[in-house]
Peer 1: 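The structure under discussion is supplied below as structure tokens; questions concerning it will follow.
Note that this is a predicted model, so its numbers are computed, not measured. Side chains are part of it too, since the values below use all heavy atoms of this structure and drop only hydrogens, waters and symmetry mates. Within every chain, numbering begins at 1; the chains are lettered A, B, ... in the order of the sequence lines, protein sequences first and strands thereafter.
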There are 2 protein chains.
Amino acid sequence: MSDRPVRRKPGQPTASQANSLVGAVLTLDVIRFGYRIGYLAQLFTGPLYRELSERHDIGRQEWVVLFCSAYFEKLTAQEIGQMSGRAKANVSRAVNKLVRMGLLKREPNLADARSTQISLTRKGRAVFDQTLKPFVEREAEMLSVLTVDEVSQLDILLAKLTNRADRWDAPY
Amino acid sequence: MSDRPVRRKPGQPTASQANSLVGAVLTLDVIRFGYRIGYLAQLFTGPLYRELSERHDIGRQEWVVLFCSAYFEKLTAQEIGQMSGRAKANVSRAVNKLVRMGLLKREPNLADARSTQISLTRKGRAVFDQTLKPFVEREAEMLSVLTVDEVSQLDILLAKLTNRADRWDAPY
DNA sequence: AAAATCTAGTTTCATATGGAACCAAGTACG
DNA sequence: CGTACTTGGTTCCATATGAAACTAGATTTT
């Protein structure tokens, strides 16, 4: 690791310098996996969330709720919390905001008056479809350094890591 | 939540059939990779950060700084920011806190008086070694569902994803 | 069926965080 | 040199967040 000041042309981004430092950390022999997974996750979502909040005033929490709602016709706030691992206060706030924005609608839950059935409005579906695209594209970019074979290897490995029988992945 | 209509790939478990709602989401066909990587990252660090802040009053930002400092003898705050992807305000606060706690020390940077050389104190080293253990152990648990072969596959894949020539992973 | 218990969701509070303003030191250029 | 501009780091501010208190509806117990 260099201990001298960074030297570069004015106006140029510090990307190359940053990258070498990142690379140095990422080849360490301790917590290689945990560190790199976290690094990837942050890098993947970072620019996406930024754009999302600038363009649509939708934050991380709101996006998660939107995502879940888009794939299950009707959900309660609790179910969203369970499947996303978010604290229920955040889910509550996110749902309320999305309802105010007209992207979600609530219907009374006949089975239990404490909770409500949450579902996407037509507008919510449209916004979701629109906002999903950058995620899909960025994922493709992220994976673009892998061969088709490697992608399916990764798919299998991720499936094993996230879909396990023990309780390693218990909610904490 | 038994027979709710669900949009999913044919043959995949429904929310109710999966052992958890998380499982149901994780088998979706969109952003499979991004979502699961983020999910894994969150799950890996979640309990660790909680314990860290309870036991040592060290938060996420402080831990990152500690980790970087433990692997490079001398660093500037800027370098830490670059290699961890954290905002400089957070690095600044974290460094200051760790200095107050006696875990880091600052030495003047002879080459540039604006920045200082940051390094671990003996105490900082001791605390780091102690706090690293749970991370190592939890990583081992996380990987325990993989065979030795699969772990090295994953290692290669992660290396490719994080150590690339293009600018996908440029700081944002 | 009244009392105690539990659960879904909301609100409150204290802290964490990112972005921009800011300050001091370094560099470029006349 | 002197002025303009860049850069490392800190501080300020507005927002995001998690944990716990709280409310109202549901369930259990006797």
Peer 1: Anything under 3.5 Å between a donor and an acceptor, one on a side chain of residues 61-69 of chain B, the other on a protein residue two or more places apart or in another chain? List them.
Peer 2:
residue	atom	partner	partner atom	Å
B/Glu62	OE1	B/Gly59	N	2.8
B/Ser69	OG	B/Val65	O	2.7

Peer 1: Find the distance A/Leu75:CG to C/dA8:P and express it as a whole number of Å.
Peer 2: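 Rounding to the nearest Å, CG of A/Leu75 and P of C/dA8 are 14 Å apart.
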Peer 1: Could you tell me whether the side chains of B/Thr116 and B/Asn109 share a donor-acceptor contact shorter than 3.5 Å?
Peer 2: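 No, no side-chain donor-acceptor pair sits under 3.5 Å.
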Peer 1: To the nearest angstrom, how far is B/Asp112 atom CG from C/dA24 atom C1'?
Peer 2: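 Interatomic distance, CG of B/Asp112 to C1' of C/dA24: 11 Å.
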Peer 1: Closest nucleotide of DNA chain D for A/Asn109 versus for A/Ala87: which of these residues is on the 5' side?
Peer 2: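 On the 5' side of the pair lies A/Ala87.
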Peer 1: Give the B/S/- string for nucleotides 10-16 of chain C, one per nucleotide from 5' to 3', where a protein heavy atom under 4.0 Å of the base yields B, of only the sugar-phosphate yields S, and otherwise -.
Peer 2: BBB----
Peer 1: In whole angstrom, what separates A/Gln82's CD from C/dG9's C1'?
Peer 2: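 Roughly 14 Å, once rounded to whole Å.
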Peer 1: Round to the nearest Å and state the distance from B/Ile118 atom CD1 to D/dG8 atom C1'.
Peer 2: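 Result: 11 Å.
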Peer 1: Check the distance between D/dG9's C1' and B/Gln117's CD and give it to me in whole angstrom.
Peer 2: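 Those two atoms, CD and C1', are 14 Å apart.
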Peer 1: Taking ring pair (Phe, Tyr, Trp, His ring centres under 6.0 Å) as the cut-off, I'd like each qualifying pair that reaches into residues 97-124 of chain A, sequence neighbours left out, listed once.
Peer 2: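 Checked against ring pair (Phe, Tyr, Trp, His ring centres under 6.0 Å) - neighbours excluded - no pair reaches residues 97-124 of chain A.
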Peer 1: Sorted by first residue and then second, give each salt bridge (charged side-chain N to carboxylate O under 4.0 Å, His left out) pair with at least one member in residues 114-129 of chain B; sequence neighbours left out.
Peer 2: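 Qualifying pairs, neighbours excluded: B/Asp112-B/Arg114.
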Peer 1: Quick one: salt bridge (charged side-chain N to carboxylate O under 4.0 Å, His left out) partners of B/Glu107, sequence neighbours excluded?
Peer 2: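 Expected list: B/Lys74.
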Peer 1: Tell me, which pairs form a salt bridge (charged side-chain N to carboxylate O under 4.0 Å, His left out) where one or both residues lie in residues 145-161 of chain B, sequence neighbours left out?
Peer 2: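 Residue pairs passing salt bridge (charged side-chain N to carboxylate O under 4.0 Å, His left out), neighbours aside: A/Arg32-B/Asp155, A/Arg36-B/Asp155, A/Glu150-B/Lys160, A/Lys160-B/Glu150.
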Peer 1: Think B/Arg114 has a side-chain N or O under 4.0 angstrom from the OP1 or OP2 of D/dT10?
Peer 2: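 False: B/Arg114 side-chain N/O out of range (4.0 Å or more) of D/dT10 OP1/OP2.
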Peer 1: CD of A/Gln78 versus C1' of C/dC6: gap in Å, rounded?
Peer 2: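 The distance from CD of A/Gln78 to C1' of C/dC6 comes to 12 Å, rounded to the nearest Å.
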Peer 1: Tell me: CZ of A/Arg86 to P of C/dA8, nearest whole Å?
Peer 2: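 To the nearest whole Å, that distance equals 20 Å.
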Peer 1: Considering only D/dG25, D/dG9, C/dG26, which nucleotide approaches the side chain of A/Ala113 most closely?
Peer 2: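 Nearest to the side chain of A/Ala113 among the choices is D/dG25.
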